[in-house]
Amino acid sequence: MKKLFAEFFGTYWLVFGGCGSALFAAGIPDLGIGFVGVSLAFGLTVLTMAYAVGHISGGHFNPAVSFGLWAGGRFSAKELLPYIIAQCVGAVAAAGTLFTIASGKAGFMIDNTKAGAFASNGYGAFSPDGYSMQAAFITEFVLTLFFLLIILGATDKFANGKFAGIAIGLGLTLIHLISIPITNTSVNPARSLSQAVFVGGEPLSQLWLFWAAPILGAIVAGFIYKNLLQDHSEA
């Protein structure tokens, strides 16, 4: 249960910090943090929680990461479902907190006809810069694949594990710098689910892509690292 609580709190912080920065701090005229600030916020959430609770649960905070670590031989299949449930509950709880806070401002409403509403992900008309479904799928697949390669490499038994959280956090920052204009950046099905639940409409119907592409990319990365990159000699 400690592992599941760690995944709950870690994913909660990721959504609260990352999506919260997008909702409250990104668009303020002259003082807003913009895409770069949001990218850094997502990276910092993972970096801080990797050191806070990573030693308890492994610090997945993302169903795609759990699948990727399973494919890479680092995680048991029997733990996949409990981890994913804990991650999704944490993400939705964070989105609920964000919604409650946002509702405290006069005139707040979610317009689910606009791209990026309530920090949701999307493609086509719901992509921040109008990218197609194919472009969105490729982006989410490739970026999650490389995110898992970073995670698997940084946490390898031959790597310097003390710096793994920094590499992983900066990796997620870079991913957001690349892809916020394309999909509003997911690479995390739980993060996409949590916002889509509150937005509804077309962003909710597009949610399948933000589960399928990251999970497929993560699984491919797991097999690549295990079979092509990992040193199987004794430490």
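We count residues from 1, following the sequence as given.
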request  = Report the C-alpha distance between W70 and E79 in whole Å, list the side-chain angles of each, state the deciding distance to 0.1 Å, and finish with yes or no for side-chain contact (heavy atoms from CB on, under 4.5 Å).
outcome  = CA-CA 9 Å; W70 163 75; E79 293 190 273; over 6 Å; no

Is there a path of hydrophobic side-chain contacts, each under 4.5 Å between heavy atoms of I/L/V/M/F/W/Y residues, joining [Y] to [X]?
X    : Y    : answer
M49  : L44  : no
F118 : M109 : no
F126 : F137 : no
V46  : Y51  : no

What are the two closest heavy atoms between [X] and [Y], and how far apart are they?
X    : Y    : answer
A159 : A154 : CB-O, 3.6 Å
A117 : N112 : CB-CA, 4.4 Å
A22  : V38  : CA-CG2, 3.7 Å
G18  : T45  : N-CG2, 3.8 Å
R74  : T155 : NH1-OG1, 3.0 Å
E7   : F61  : OE1-N, 2.7 Å

What is the distance from atom [atom1] of [X] to atom [atom2] of [Y], rounded to the nearest 0.5 Å?
X    : Y    : atom1 : atom2 : result
C19  : L98  : SG    : CG    : 7.0 Å
L40  : L174 : CG    : CG    : 12.0 Å
F158 : D231 : CZ    : CG    : 4.5 Å
L14  : L172 : CG    : CG    : 6.5 Å
I180 : I175 : CD1   : CD1   : 11.5 Å
F9   : L4   : CZ    : CG    : 11.5 Å

request  = Report the C-alpha distance between Y131 and T139 in whole Å, list the side-chain angles of each, state the deciding distance to 0.1 Å, and finish with yes or no for side chain to side chain donor-acceptor pair (under 3.5 Å).
outcome  = CA-CA 10 Å; Y131 285 85; T139 299; over 6 Å; no

CA sep, side-chain torsions, deciding dist, call: F67, L216, side-chain contact (heavy atoms from CB on, under 4.5 Å) = CA-CA 9 Å; F67 271 103; L216 286 173; over 6 Å; no

Report yes if the side chains of [X] and [Y] come closer than 4.5 Å at any heavy-atom pair, otherwise no.
X    : Y    : value
P63  : N188 : yes
V36  : L177 : yes
F5   : V53  : no
F223 : L228 : no

request  = Applying side-chain contact (heavy atoms from CB on, under 4.5 Å), run through V92 and Q195 and close with a yes or a no.
outcome  = CA-CA 7 Å; V92 172; Q195 307 312 117; over 6 Å; no

inquiry  = With no hydrogens and no angle check, just 3.5 Å: does a side-chain donor-acceptor pair link D111 and T113?
reply    =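 There is such a pair (donor and acceptor under 3.5 Å, judged by atom type) between the side chains of D111 and T113.
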
ask   = Do S192 and W211 have a side chain donor and acceptor closer than 3.5 Å?
value = no

query = Do the ring planes of Y12 and F8 sit parallel (below 30°), tilted (30 to 60°) or perpendicular (above 60°)?
reply = tilted

request  = Hey, can you tell me if H176 and F42 have their rings parallel, tilted or perpendicular (30° and 60° cut-offs)?
outcome  = parallel

Extract all donor-acceptor atom pairs below 3.5 Å that involve side chains of residues 161-171 and protein atoms in other chains or at least two apart in sequence.
none

ask   = Passes side chain to side chain donor-acceptor pair (under 3.5 Å), N121 versus T183? Steps please.
value = CA-CA 5 Å; N121 302 115; T183 62; 4.9 Å; no

query = Could you go step by step and tell me if F75 and H60 meet the ring pair (Phe, Tyr, Trp, His ring centres under 6.0 Å) rule?
reply = CA-CA 10 Å; F75 190 61; H60 299 192; 4.7 Å; yes

Ignoring hydrogens and angles, write down the donor-acceptor pairs under 3.5 Å from the side chains of residues 143-152, residues two or more places apart or on other chains.
from, atom 1, to, atom 2, distance (Å)
T144, OG1, E140, O, 2.6

message = Exactly one of S57, S66, S194 should register a side chain to side chain donor-acceptor pair (under 3.5 Å) with Q87. Which one does?
response =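 By the side chain to side chain donor-acceptor pair (under 3.5 Å) criterion, Q87 pairs with just one of S57, S66, S194: S66.
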
request  = For the pair R191 and T11, evaluate side chain to side chain donor-acceptor pair (under 3.5 Å) and give the outcome as yes or no after the intermediate values.
outcome  = CA-CA 8 Å; R191 169 262 187 274; T11 314; over 6 Å; no

Side chain to side chain donor-acceptor pair (under 3.5 Å) assessment of T173 paired with S39 = CA-CA 5 Å; T173 299; S39 300; over 6 Å; no

inquiry  = One pair to check against side-chain contact (heavy atoms from CB on, under 4.5 Å): I182 and D129. What are the steps and the verdict?
reply    = CA-CA 6 Å; I182 304 170; D129 206 26; over 6 Å; no

